[in-house]
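Note that ligands are numbered from 1 as they come in the structure, with each ligand's atoms numbered from 1 the same way.
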Amino acid sequence: MPAKDLEQIVNLCKRRGFVYPSAEIYGGFRSSYDYGPLGSLMLRNVKDAWVRTMVQMRDDTVLIDAAILGPPQVFEASGHLANFSDPLVDCTVCKRRFREDQLETRDCPQSMKGCQFTEARAFNLMFKTTAGPVEGSGAEVYLRPETAQGMFVNFSNVLQTSRKKPPFGIAQVGKSFRNEITPGNFIFRTREFEQMELEFFAPPAEGPKWYEYWCNERMEWYVSLGIPREMLRIRAHDADELSHYSAGTSDVEFMFPWGWGELEGIAQRTDYDLTQHATHSGQRLEYFDQASGEHYVPYVVEPAAGANRTMAAFLLAAYDEEEVNGESRTILRLHPRLAPYKVAVLPLSKKDTLLPLAREVHSRVAARWMCDYDETQQIGRRYRRQDEIGTPLCVTVDFDSLEDGAVTVRERDSMEQVRVPIDGLVEELTRRLGF
Ligand code: GAP
């Protein structure tokens, strides 16, 4: 059974060191989070799994890492300065601000009935700051609200240096920033977050084909990493939901405890961005097809996912509680690729006779995978701890190991235990983990 309540995950994340409220010793910094020893590993695993599928396993995509700060010209051209805003209303009673499109009635959720809202105003979501010691015009810069613009402004650079030709994609993983009016639901909506985006450049006639292709591919990615299909759906946007650059978008949505929520949008950005940047920069942003002798502006299909809310979805879907011998056991049934630790090495006792061998086993395993080592507490409690943080395999070194050169491998989900010779341990763990 996946988690029914967001609090189950929020508590586990705090208790076990996945995610903490940011600046907690100062009372917290609203809707910002820090990723702890386990959360930082898992978030990295989510991003690595995405890069593996979207770049490593393909021959038609490349990865870049562009700047987070950008000059106003980029966002003038992309349309974000003019259009990247939410409609904001003020309640004249409680003075709080709300997104008009998220209000269910004309009554303020705080002041309730009879309140008055001001007329809606467009509130730009970009964070602005100044670069260099001089304030004033020319020094303004923006924190990127999406990683995508890095791909568009580097289109020619990548085309020339990678020797790719359409259809091909440019991928990027990195931080984006939005001054959200209503952040919330833990790490679902924050002002600072990480995106995993691909801009896929295709000959214009192939646009619809690739849109359909990417909708399917992206849905299957979540399923392949363990989210039950029935907790996912694809939903096409209504015309009034579309971003300023999109001719059509479908979201991959996950059944969060509060209802369906977006994990990723697959958008048909068409030739909008390249054309805009070509006009504003005066550079030609086209592809020359030698076979046909034609210049054309590629059509872009963009699968754009959020790493943080995807991590929340993986945690919620993996959460399970069950009863074992009259005791309750909490387990994160995470896919091994996503689990913070793949293996934990647990010496049965802290006695000096056992520890050198346990350390040697840890070194062998840690050379291959992220591996925990824990010699405290009774073994049953240590197994429970590893279950709760999603470690797929535990390796127990006991006194027999000194005699027979073998260890016990225990599986998280089945709790099955088998004896394995230390010499063949890495091969056996590889077989069980699948990589
Ligand atoms: N380049 C297109 C783009 O940025 P988006 O739908 O606005 O599209 C893509 O964002 C993904 O980024 C979303 O599906 C979501 O997973 C993530 N995302 C967007 N805003 C976020 C926020 N405030 N907090 C956490 N994740 C967010």
Side-chain angles (χ1 to χ4, degrees), residues 19 22 30-33 35 43 46-47 50 54 64 66 68 70 74-75 78-80 83-86 99 101-102 123-127 142-153 169-201 211 214-215 218-219 221-222 227 232-237 241-254 256 260-270 272-274 276-277 300-316:
V19 181
S22 195
R30 199 175 155 243
S31 300
S32 288
Y33 294 92
Y35 289 70
L43 187 61
V46 170
K47 294 182 284 183
W50 186 90
M54 302 295 276
I64 65 164
I68 286 174
V74 169
F75 302 108
S78 70
H80 283 85
N83 301 310
F84 196 57
S85 53
D86 280 339
R99 260 177 72 174
D101 56 338
Q102 288 181 345
F123 175 75
N124 193 289
L125 299 180
M126 275 194 298
F127 281 102
Y142 291 88
L143 272 70
R144 65 183 179 193
E146 57 171 6
T147 63
Q149 296 308 318
M151 282 75 114
F152 298 124
V153 299
I170 310 180
Q172 183 171 199
V173 175
K175 290 232 169 172
S176 293
F177 302 82
R178 296 180 190 177
N179 197 1
E180 298 282 2
I181 302 168
T182 50
N185 283 334
F186 191 40
I187 52 175
F188 180 81
R189 191 183 307 283
T190 49
R191 297 199 171 102
E192 172 179 345
F193 53 95
E194 289 196 75
Q195 292 188 307
M196 309 181 289
E197 299 196 294
L198 177 76
E199 307 306 321
F200 197 77
F201 301 90
Y211 177 56
W214 282 113
C215 286
R218 295 305 305 146
M219 178 76 168
W221 185 77
Y222 295 96
I227 299 192
L232 294 164
R233 72 174 187 188
I234 286 257
R235 186 185 66 83
H237 279 207
E241 285 177 85
L242 292 175
S243 309
H244 62 274
Y245 50 72
S246 176
T249 297
S250 289
D251 286 346
V252 178
E253 295 186 335
F254 174 76
F256 284 95
W260 290 105
E262 172 188 344
L263 292 179
E264 162 158 8
I266 298 112
Q268 304 185 60
R269 291 184 83 129
T270 68
Y272 173 84
D273 298 271
L274 288 180
Q276 285 290 108
H277 284 299
V300 172
V301 176
E302 174 202 61
N308 314 81
R309 62 172 70 167
T310 295
M311 172 169 149
F314 283 129
L315 285 169
L316 285 159

Those residues that, when tested against Asn185, pass side chain to side chain donor-acceptor pair (under 3.5 Å) (two or more places apart):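 Asn185: no side chain to side chain donor-acceptor pair (under 3.5 Å) contacts found.
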Those residues that, when tested against Arg189, pass side chain to side chain donor-acceptor pair (under 3.5 Å) (two or more places apart):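 For Arg189, no residue satisfies side chain to side chain donor-acceptor pair (under 3.5 Å) once neighbours in sequence are set aside.
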Atom-level proximity to ligand 1, residues with heavy atom under 4.0 Å: Glu146, Ala148, Arg178, Glu180, Phe188, Arg189, Thr190, Phe193, Gln195, Glu197, Tyr245, Glu262, Leu263, Glu264, Gly265, Arg269, Glu302, Ala304, Ala305, Gly306, Arg309
Exam field: side chain Asn124 to backbone Met126, donor-acceptor pair closer than 3.5 Å: yes
Polar side chain donor-acceptor pair, Tyr245 to Gln276, under 3.5 angstrom: no
Carboxylate-amine/guanidinium proximity below 4.0 Å for Glu146 and Arg269: yes
Residue list, ring-ring contact (aromatic ring centres under 6.0 Å, His included) with Phe186, at least two apart or on another chain: Tyr33
